[in-house]
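Each chain gets a letter, A, B and so on, in the order the sequences are listed, and its residues count up from 1. Because the structure is a prediction, the values reported are computed rather than measured.
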Amino acid sequence: MTATDAAPSGKLPTDPWGPLRARASEMLRPSLEHAGWKGTVEELARVLEPGPEGKADLAVPMFRWSKTLGKRPDDLAKAIASGITPSPEFPRVSAEGGFVNFHMDLRAFTSTTLRMVLEGKGSYGAGAAKAGSVCVEHTSANPTGPLHIGRSRNTVIGDTLVRVLRAAGWNVVSQFYVDDVGRQAAMLVWIWSKPLSEWPPQIREASHLPGDERPPGLKADHWYGRAYPPTAAYIKEHEEAARSLAELSARMESGAMPKEEYRKVPKEILDGILSSLARMHAAFDEFVWESDFLFDGSVERVAEKVRASSRYRRTDDGAEGVDATDFGLPKEAPLAYFRRADGTYLYPARDLAYHLQKFARFDRVIDVLGEDHKLHAKGVAALLEAAGEKRSAEVLTYGFINLPEGRMTTRGGRVVNLDDVLDEAHERAVQEVRKRREDLPSEEVERIAESVGSGAVRFHILRVQPEKPIVFRWEEALSFEGKSAPFVQYAHARACSILRKAGGSETSPMLVVPSPALEQIPPTLHPKEEALVRTLSQLPGLIARVSESRSVHLLALYAHEVAERFNEFYQELRVLNSEDEVRPFRLALTCAARQVLANTLAVIGVDALERM
RNA sequence: GGGCGCGUAGCAUAGCCCGGACGAUGCGCCGGCCUUCUAAGCCGGAGAACCGGGGUUCGAAUCCCCGCGCGCCCGCCA
């Protein structure tokens with residue numbers, strides 16, 4: 001993003017389609033009422049749909065009213081259409097095949113759209129500020145080792161959601177919930193609190209640690225993470241080790257151990273993970289440590305609230321839970337437990353305390369979770385209700401990323417680490433850039449390659465609807481052509497190139513183009529120009545829709561579509577050496593396309609490059 | 001066995017929530033375009049009656065039912 005992308009203050013965000021939809025409803029209503037229809041403006045607004053290309057800009061099917069109004073759909077459409085007085089926005093209203101078709105003034109629409117984009121700049125597409133606040137929790141990986149590509153899907157979906165909600169006008173806080181209690185955390189303390197020389201040889205050997213000191217180039221998550229699977233395996237096989245781990249775990253949960261001590265390794269691993277995520281342009285506003293809920297008494301407090309609920313159940317031996325069958329738990333196992341018979345609290349108890357804290361601060365709570373956590377989420381929902389919280393968390397789940405050989409397993413060693421993917425993507429991108437740009441200094445090559453590589457990875461994961469599983473294949477993940485981030489970035493770079501030559505400087509593109517007045521718009525638009533304008537006009541509606549439906553994958557597909565429309569436009573039509581009558585318009589269109597590409601890329605967390 | 005999700009050209013995906021006017025896109029395949037704004041691109045072509053079967057409807061990829069296939073889950077783990 002460049003400095004000029006900042007929005008001028010005081011300008012209200014806008015959607016070119018807003019006024020048009022409103023106008024069409026107003027025009028339609030009297031004519032429909034004349035035919036005997038009774039209904040609301042809201043109903044009309046819902047029925048208005050974009051028509052097929054060339055046939056209508058907004059269309060209204062008459063089939064649904066045909067019976068009640070006692071006319072054949074096509075006759076009804078004709079009657080309605082002829083009863084509508086054309087307006088400046090819609091100079092023509094026609095009927096065909098049972099649809100009433102509104103035809104807008106394309107030149108005026110083009111002018112409006114370009115002005116909104118060019119004046120809105122970085123805020124084109126953004127929605128008006130919302131009153132409420134939203135907390136988005138995502139990633140929340142256990143800090144036991146490096147992040148694998150599967151978990152990074154959580155980050156991509158979550159971080160994009162954060163971005164799109166912000167664009168839509170919400171006040172958003174992103175949170176990473178860090179697990180620093182329980183068995184997994186204890187295991188790290190157990191092994192790393194002794195010097196390597198005192199480790200069981202089995203673990204030492206299987207960990208493949210090069211020496212006693214962490215090599216300077218090796219990230220903490222990889223260094224500490226190497227010992228984790230062997231340690232877990234060892235503890236499974238050795239009873240005395242399991243016993244000492246249990247003791248350690250109990251000591252940690254009792255509060256006897258200072259948190260600096262048990263958080264030391266997780267913290268370092270977390271930092272390693274975060275530096276990987278930073279390469280993907282994902283960052284967090286807040287970190288919430290699970291152990292805090294244990295020691296500040298909040299788990300006890302929320303447990304008391306739950307006990308007062310009619311859902312509360314206690315088993316014969318003293319374990320505690322709530323009945324959650326109406327939240328989707330199976331009848332055979334209806335209880336969502338929060339405390340063991342031995343009196344220690346379970347993970348859901350801390351998660352409940354965490355969620356209550358979220359609801360105390362935020363109006364909306366969104367959790368991004370792997371599909372393996374669906375049932376757990378239902379249990380927490382039941383606990384929340386039992387604790388007296390009326391609202392419920394919006395849970396967004398996603399399918400796993402599998403390998404062609406099957407599911408990823410850390411213990412089986414069948415994993416693909418995010419860092420390895422990013423490194424490989426970077427490497428390949430360097431080669432690609434070198435191949436076509438011998439003139440660039442090497443540090444710029446590196447910079448471009450990093451943006452291209454991480455963008456490609458992020459886009460590849462984002463473009464698939466979250467519910468669908470993904471099979472990770474290197475060749476597909478690292479493709480730089482077609483439906484990919486580099487394709488979009490390339491279109492942006494080409495736009496910048498044109499704008500540099502058009503009158504910007506050698507180094508920066510000409511981003512300020514006078515807002516196109518109506519008289520600058522050609523009397524008839526070329527189909528490629530029209531298609532591009534129409535696509536550019538869709539961003540505000542899309543951001544509003546995605547922020548509601550949370551279907552973030554649509555943003556990636558839209559980015560591709562804008563790039564495609566722009567590519568088709570500039571390959572078919574000259575911009576710089578075009579005739580004087582169309583040149584200002586085409587420049588403005590190029591400028592607007594660049595802006596929309598930049599804004600869309602920003603929402604999906606991919607760098608908009610000025611050259612590549 | 002039960003619950004939730006998914007099933008669209010050789011492969012990978014969008015469209016399904018809110019049924020509508022010709023099923024879209026990418027990879028791959030075939031054929032073109034670098035002496036004019038970077039070929040990570042563009043243009044043209046072949047390729048699917050949308051898992052199967054019923055139903056609702058003027059109209060179904062989209063809604064309902066029954067199958068089949070795949071994924072995830074069904075712990076006093078997290």
#### Entry: A:Phe472 ring center near A:Trp474 ring center (under 6.0 Å)
yes
### Query
B:G26, B:U8, B:C58: which one has an atom nearest the side-chain heavy atoms of A:Lys483?
B:G26
### Task
When you get a sec, tell me which of B:U38, B:C37, B:U36 is the closest nucleotide to the side chain of A:Asn577?
B:U36
### Summary
Against the side chain of A:Leu375, the closest entry in B:G15, B:C74, B:G3 is B:C74
### Query
Is there a Watson-Crick or G-U wobble partner for B:C58 with both distances under 3.5 Å, and which nucleotide is it?
B:G20
### Message
Mind checking if A:Glu332 touches a base, just sugar-phosphate, or nothing, with heavy atoms under 4.0 Å?
### Response
nothing
## Note on the structure
Among the nucleotides B:A12, B:G3, B:C37, whichever has the atom closest to the side chain of A:Ile498 is B:C37
### Query
side chain to side chain contact (heavy atoms under 4.5 Å, CB included) between A:Val178 and A:Ser140: does it pass, once the steps are laid out?
CA-CA 6 Å; A:Val178 195; A:Ser140 300; over 6 Å; no
### Task
Look at all strands and tell whether A:Ala502 reaches a base, only sugar-phosphate, or nothing, counting heavy atoms closer than 4.0 Å.
nothing
### Message
Categorize A:Arg428 for me: base, sugar-phosphate, or nothing, with a 4.0 angstrom heavy-atom threshold over every strand shown.
### Response
nothing
### Task
Among the candidates B:C72, B:G26, B:U38, find the nucleotide nearest to the side-chain atoms of A:Lys501.
B:U38
### Task
Among B:A21, B:C42, B:C6, find the nucleotide with the atom closest to the side chain of A:Asn567.
B:C42
### Message
When you measure from the centre of the six-membered ring of A:Tyr398, is the NZ or CZ of A:Arg153 closer than 6.0 Å and no more than 45° off the axis?
### Response
no
## Note on the structure
Partner of A:Tyr354 under side chain to side chain contact (heavy atoms under 4.5 Å, CB included), picked from A:Val302, A:Val380, A:Val288, A:Asp292, is A:Val288
### Task
Among B:C37, B:U25, B:G15, find the nucleotide with the atom closest to the side chain of A:Leu554.
B:G15
### Query
Which base, if any, makes a Watson-Crick or G-U wobble pair with B:C70, both distances under 3.5 Å?
B:G5
### Query
Mapping A:Gly97 and A:Phe569 onto RNA chain B by nearest heavy atom, which one lands closer to the 5' end?
A:Gly97
### Task
Could you check whether A:Val47 gets within reach of a base, just the sugar-phosphate, or nothing at all, counting any heavy atom under 4.0 Å?
nothing
### Task
Looking at every strand, decide which applies to A:Pro52 at a 4.0 Å heavy-atom threshold: base, sugar-phosphate, or nothing.
base
### Syn/anti state of B:A46 by chi, 90° boundary around 0
anti
### Task
Report the nucleotide, chosen from B:C43, B:A14, B:G20, that has the shortest atom-to-atom distance to any side-chain atom of A:Glu568.
B:C43
### Query
Hey, mind stepping through A:Arg437 and A:Asp439 against salt bridge (charged side-chain N to carboxylate O under 4.0 Å, His left out) and telling me if it holds?
CA-CA 5 Å; A:Arg437 296 299 299 265; A:Asp439 55 315; 3.2 Å; yes
#### Entry: Separation of the P atoms in B:C4 and B:C64, to the nearest angstrom
12 Å
### Message
Less than 6.0 angstrom separating the ring centers of A:Phe480 and A:Tyr490, yes or no?
### Response
no
### Query
Are the aromatic rings of A:His492 and A:Phe566 close, with centres under 6.0 Å apart?
no
Got a list of protein N/O to nucleotides 75-78 of chain B N/O distances below 3.5 Å?
{"from": "B:C76", "atom 1": "O2", "to": "A:Ala341", "atom 2": "N", "distance (Å)": "2.7"}
{"from": "B:C76", "atom 1": "N4", "to": "A:Asp317", "atom 2": "OD1", "distance (Å)": "2.5"}
{"from": "B:C76", "atom 1": "N4", "to": "A:Asp317", "atom 2": "OD2", "distance (Å)": "2.4"}
{"from": "B:C77", "atom 1": "OP2", "to": "A:Arg340", "atom 2": "NE", "distance (Å)": "2.5"}
{"from": "B:C77", "atom 1": "OP2", "to": "A:Arg340", "atom 2": "NH2", "distance (Å)": "3.1"}
{"from": "B:A78", "atom 1": "OP1", "to": "A:Arg340", "atom 2": "NH2", "distance (Å)": "3.2"}
{"from": "B:A78", "atom 1": "OP2", "to": "A:Tyr347", "atom 2": "N", "distance (Å)": "3.0"}
{"from": "B:A78", "atom 1": "O3'", "to": "A:Asp179", "atom 2": "OD2", "distance (Å)": "3.1"}
{"from": "B:A78", "atom 1": "O2'", "to": "A:Asp179", "atom 2": "OD2", "distance (Å)": "3.4"}

### Query
For A:Gln571 and A:Ser549, take the nucleotide of RNA chain B holding the closest heavy atom to each; which residue's nucleotide lies nearer the 5' end?
A:Ser549
### Query
Just to confirm, is there a sub-4.0 Å distance from OP1 or OP2 of B:G7 to any side-chain nitrogen or oxygen of A:Lys468?
yes
## Note on the structure
By the Watson-Crick or G-U definition, both distances under 3.5 Å, B:C76 is matched with none
### Query
Nearest to the side chain of A:Arg407, which nucleotide is it out of B:U13, B:C37, B:C72?
B:C72
### Query
Within the pair A:Lys55 and B:G20, is there a side-chain N or O less than 4.0 Å away from OP1 or OP2?
no
### Query
Counting side-chain heavy atoms from CB outward, which of B:U38, B:A21, B:G20 is closest to A:Ser497?
B:U38
### Task
State whether the aromatic ring of A:Phe99 stacks on the base of B:A21, taking stacking to mean ring centres under 5.5 Å apart and ring planes under 30° to each other.
yes
### Query
Which part of the nucleic acid does A:Lys374 contact within heavy-atom distance under 4.0 Å: base, sugar-phosphate only, or nothing?
base
### Nucleotide opposite B:A14 in a Watson-Crick or G-U pair, distances under 3.5 Å
none
